[in-house]
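What follows is a single structure, written as structure tokens, with notes after it.
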Amino acid sequence: MTQSIGDLGGSQLYTVRRIKHLLKRNIKVCVVAGSNDNFTLQKEFEGIDILIVPEINFLPSMFTKARWKSVVQKIVSFLQVNRYDVIESHSISTGVYAELVSKQTKSKNIIYLLNEDKVKNEDGINFNNFFNFKLKRNELFGVSSKSLEIILNRSLSEKENNFINIPFDLEEISGNESLSIIDEVTGNDADLKILSIARLDKTYLVNLIEEIIELAKERYDLKFLLVIIGNSSDARILESLKSRNPNLKNLAIFFPGYVHPIPSILFKKVDIFIGQGTASVNSISQRCATAIIDPRDNKSPGFLGVDTNNFGYPEKDVPNRSIKEILQQVILDKNIISIAQEFGEKLFYSSYLSSSVMKDFDDKIIKSDMEIKYWDFIFIKSKRRIIEFLLIYVFGIKSFEIIFNKIVKWKSIK
């Protein structure tokens, strides 16, 4: 049960990997998603039973009791065609709906939070108590060693800090070398070639562009190339990012849009990858020097495999550095590239290889508490929820979601 299988981002690619792994184990899989808009990965989902339920992207308190109960019943009816033993949910809202559904189907709800939004107690739901309940039952997982501490806003012991690294499947890399993007990178004589892969509403991209521009102005003796692969459903975001380019003679910024699958040779044609999440794991799998970005401040803990083994955060309480400082380090000592290539690749095979990570996840699900227990929710509408409820009633859930997402994305790049 996931928020979206549309577009092309880390959560969508993870869902494809998870399905592929489970099918190989001869496990029946279906998908309940909040959206399939811009269904880029439609081919990868062929043969999978899919139910689209937009309401699961919002807490039940956004709706009348009759409506959220009908949503739960709709999902239950869909699942009862085949008996499913486990529901894997990927967000706070889908986790709540999955718990409500599981209670009726007598299945296990495993919450694997692909995003790291901090828990807020609202709408009569004490999320801290709910998540602590799931954590004690080993039914709650984060995507990194820091995830649950950020989400729950507290320190966790090693024993209770459940996490499953976001894996990467080497079969997703393409051997296609005929794409125009390869010619664009190969034909450029830049002294430093930088690659990033992300949805364009990721806030670090603004920092990345502005700091490379600043560096290019200071180092007019060097040429720079920045390639940003990705797109957004909001065309204004791409235009906003492009408008930041001052068209310096020693800096080229290239936006090729979505590229899937990513050609392996691309990582060998650039000097450094800068990014976060699944894309950074993709990069180290191809032996590319990878500087990661901490989503909390859009600065870098350093190189993955060298300075940290976590794809988003520092291992220790060491101050993050600006993207500009990372690039200056590479300019001063290009040996860091070969060091990061070697140690990054070793880290991938030890901690992020899809087959190993997925098996580890399966084992942890099997070892979770087998006693049948579910959380009892009490939903109360806050003032904000009442306003949102009225907006949904007037405009419909689809229009409300489009307006809400555009406001959030546009604020993130301003």
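Using a 4.5 Å heavy-atom cutoff, the side chains of Leu170 and Gln286 are in contact. By the 4.5 Å heavy-atom criterion applied to side chains, Ile166 and Tyr352 are not counted as neighbours.
Salt-bridge annotation for Glu325 and Lys299: absent, with no side-chain N of the basic residue lying under 4.0 Å from a carboxylate O of the acidic one. With respect to the salt-bridge test (charged N to carboxylate O, under 4.0 angstrom), the residues Glu99 and Lys103 do not qualify. A salt bridge links Asp362 to Arg18: one of the charged nitrogens lies within less than 4.0 Å of a carboxylate oxygen.
A perpendicular orientation is assigned to the rings of His90 and Tyr112, their planes being inclined by more than 60° (bins at 30° and 60°). Using bins of under 30°, 30° to 60° and over 60° for the plane-to-plane angle, the ring pair Phe377/Phe130 lands in the perpendicular bin.
Pairs passing the salt bridge (charged side-chain N to carboxylate O under 4.0 Å, His left out) check and including a residue from residues 262-277, sequence neighbours excluded, do not occur.
For the side-chain hydrogen bond (donor to acceptor under 3.5 Å, both in side chains) with Lys324, the qualifying choice from Gln329, Glu211, Glu214 is Glu214, the only one to do so. Of the candidates Tyr374, Tyr97, Trp375, Ser102 forms a side-chain contact (heavy atoms from CB on, under 4.5 Å) with just one, namely Tyr374.
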Pair Ser147-Ser144, side-chain hydrogen bond (donor to acceptor under 3.5 Å, both in side chains): steps then yes or no: CA-CA 5 Å; Ser147 294; Ser144 79; 3.1 Å; yes

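Under the 6.0 Å distance and 45° angle rule, Lys346 counts as a cation-pi partner of Phe343.
Other residues, nucleotides and ligands place no more than 12 heavy atoms under 6.0 Å from the NZ atom of Lys136. More than 12 heavy atoms of other shown residues, nucleotides or ligands fall within 6.0 angstrom of atom NZ in Lys364.
Aromatic ring centres of Phe361 and His21 lie farther apart than the 6.0 Å criterion allows.
Under the 3.5 Å distance criterion, the side-chain polar atoms of Asn161 are matched with a main-chain donor or acceptor of Ser145.
Residues satisfying the salt bridge (Lys or Arg N to Asp or Glu O under 4.0 Å) criterion with Lys193, sequence neighbours excluded, are absent altogether.
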